[in-house]
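These values consider heavy atoms only, across backbone and side chains, with no hydrogens, waters or symmetry-generated copies.
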Amino acid sequence: MNELDVSQLKGRRVPLAAWPSLLSLDAVLVAVVWQQLLMRSFCNRSSTWPEISSLAATVWLIYVADRLLDAAKLDLTQPHTLRHLFYREHSQLFLGLWSLLLAIVTFVVVRFLSSDLLRNGVLLGAAVLAYGASVHFAASRPVSTASETQRRSLLSWFHLPKEVRVGTLFALGVSLTVWTQLSTSQPNAVMSGSLAVDPQWTLAVATCAIAILFSCNCVLVARFELAIDRAQAFPSIA
């Protein structure tokens, strides 16, 4: 079904294949799989249950918060996606689940994660909050003066597209446990030909590659939903 026609789905059965995306579980699965792959590749171990659960919960909280904020300003008279309509119709339920999961994951990260991982997670969380504020609040603030208009115009040249920021933050999130372990230990250099390669440099290359992959995925989604983003005035690289 064309995305432009999803406003007609109200009251109808949601396709089974749409549920993972609607519940924001697809992003959670991707994050956990990449975390496990990186941990096994660089740390020779699997992620612990606190590492898995905290990442999964954090990704879900971020995605749901983003969709709730988008759904709150949804114009139902314009074309819109099924997921935005779904979160608008069930906003109270997801707000309750979001608050409950936030309390649970806060207990888990404080009680079971290492202080180094907790500190790095807080730093990355601050970056995520800054991204969210720039997308959902800063762009919608009214411009009061001509100087502010000029300042925003100049700063906009230095702003990375939303899709690139999402891909980068996602890559940093799934690799955070690896970065933390490598930075707090003294790993042996990996031999590449006749050169010794620092695992942190290898991880940096892998993280950049993953960030590009995630960013490309976001760009493809933005291209597919171009008409809807324009109708709803959502920021988009497309």
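Contacts of Tyr63 classified as ring pair (Phe, Tyr, Trp, His ring centres under 6.0 Å), with partners at least two apart in sequence or in another chain: none. Shown here are the side chain to side chain donor-acceptor pair (under 3.5 Å) partners of Ser99, two or more places apart in sequence or in another chain: there are none. Residues forming a side chain to side chain donor-acceptor pair (under 3.5 Å) with Arg45 (at least two apart in sequence, or on another chain): Glu51, Gln181. Taking Leu25 as the reference, Leu23, Trp60 meet the side-chain contact (heavy atoms from CB on, under 4.5 Å) condition, with sequence neighbours excluded. Partners of Ser54 under the side chain to side chain donor-acceptor pair (under 3.5 Å) rule, at least two apart in sequence or in another chain, do not exist in this structure. Listed by chain and number, the residues in a side chain to side chain donor-acceptor pair (under 3.5 Å) with Thr168 amount to none (sequence neighbours excluded). Every residue meeting the ring pair (Phe, Tyr, Trp, His ring centres under 6.0 Å) condition with Trp19, not counting sequence neighbours, appears here in chain and number order: Phe86.
Here Leu129 sits alone; no ILVMFWY side chain lies under 4.5 Å from its own, so it joins no hydrophobic cluster.
Between Asp66 and the choices Leu68, Leu69, Asp70, Ile62, the side chain to side chain contact (heavy atoms under 4.5 Å, CB included) rule is met once, by Asp70.
Put simply, Val105 and Val110 are part of the same group of oily side chains (I, L, V, M, F, W, Y) that touch within less than 4.5 Å, one to the next. Note: the hydrophobic cluster containing Val205 does not contain Leu172 (ILVMFWY, side chain heavy atoms under 4.5 Å, direct or indirect links). Leu93 and Val28 fall within the same hydrophobic cluster, where Ile, Leu, Val, Met, Phe, Trp and Tyr residues are linked whenever their side-chain heavy atoms come under 4.5 Å apart, directly or through other members. Under a hydrophobic-cluster definition in which Ile, Leu, Val, Met, Phe, Trp and Tyr are linked whenever side-chain heavy atoms come within less than 4.5 Å, directly or via other members, Val108 and Met39 are assigned to different clusters. Grouping the Ile, Leu, Val, Met, Phe, Trp and Tyr side chains by contacts below 4.5 angstrom, directly or via other members, places Val109 apart from Phe112.
Between Phe42 and Pro199, the shortest heavy-atom distance links the atoms CE2-O, 3.9 Å. Closest approach of Val166 and Cys218 over heavy atoms only: CG1-SG, 3.8 Å. Here the closest heavy-atom approach between residue Ala31 and residue Leu55 is recorded as O-CD2, 3.5 Å.
A heavy-atom distance below 4.5 Å is found between the side chains of Leu124 and Leu169. Using a 4.5 Å cut-off on side-chain heavy atoms (C-beta onward), Phe170 and Val59 make contact. For the pair Ile212/Cys216, a side-chain contact is recorded, criterion being any heavy-atom separation below 4.5 Å from C-beta on. Put simply, the side chain of Thr177 does not reach to within 4.5 Å of the side chain of Thr48, judged on heavy atoms.
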What do the steps show when you test Leu203 against Leu182 for side chain to side chain contact (heavy atoms under 4.5 Å, CB included), and what is the final call? CA-CA 9 Å; Leu203 177 59; Leu182 292 186; 3.7 Å; yes
Where do Trp98 and Leu61 land on the side chain to side chain contact (heavy atoms under 4.5 Å, CB included) test, with the steps shown first? CA-CA 6 Å; Trp98 195 92; Leu61 289 171; 3.5 Å; yes
Could you walk me through whether Lys162 and Tyr131 pass the side chain to side chain contact (heavy atoms under 4.5 Å, CB included) check? CA-CA 8 Å; Lys162 179 185 73 171; Tyr131 157 78; 3.2 Å; yes
Would you sort out whether Arg40 and Ser46 count as a side-chain hydrogen bond (donor to acceptor under 3.5 Å, both in side chains), showing the intermediate values? CA-CA 6 Å; Arg40 287 182 175 274; Ser46 298; 2.7 Å; yes
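Looking only at distances, a side-chain donor or acceptor of Ser114 sits under 3.5 Å from a matching main-chain atom of Leu117. Between the side chain of Arg88 and the backbone N or O of Ala71 there is at least one donor-acceptor pair closer than 3.5 Å.
For residues 24-39, the set of pairs meeting the side-chain hydrogen bond (donor to acceptor under 3.5 Å, both in side chains) definition, not counting sequence neighbours, comprises Ser24-Arg67, Ser24-Tyr87, Gln35-Ser47. Sorted by first then second residue, the side-chain hydrogen bond (donor to acceptor under 3.5 Å, both in side chains) pairs that include residues 204-218, not counting sequence neighbours, are Trp179-Thr207. Applying the side-chain hydrogen bond (donor to acceptor under 3.5 Å, both in side chains) test to every pair with at least one member in residues 117-126, sequence neighbours left out, gives these pairs: Asp116-Arg119, Asn120-Thr180. Each salt bridge (Lys or Arg N to Asp or Glu O under 4.0 Å) pair with one or both residues in residues 96-107, not counting sequence neighbours, would appear here, but there are none.
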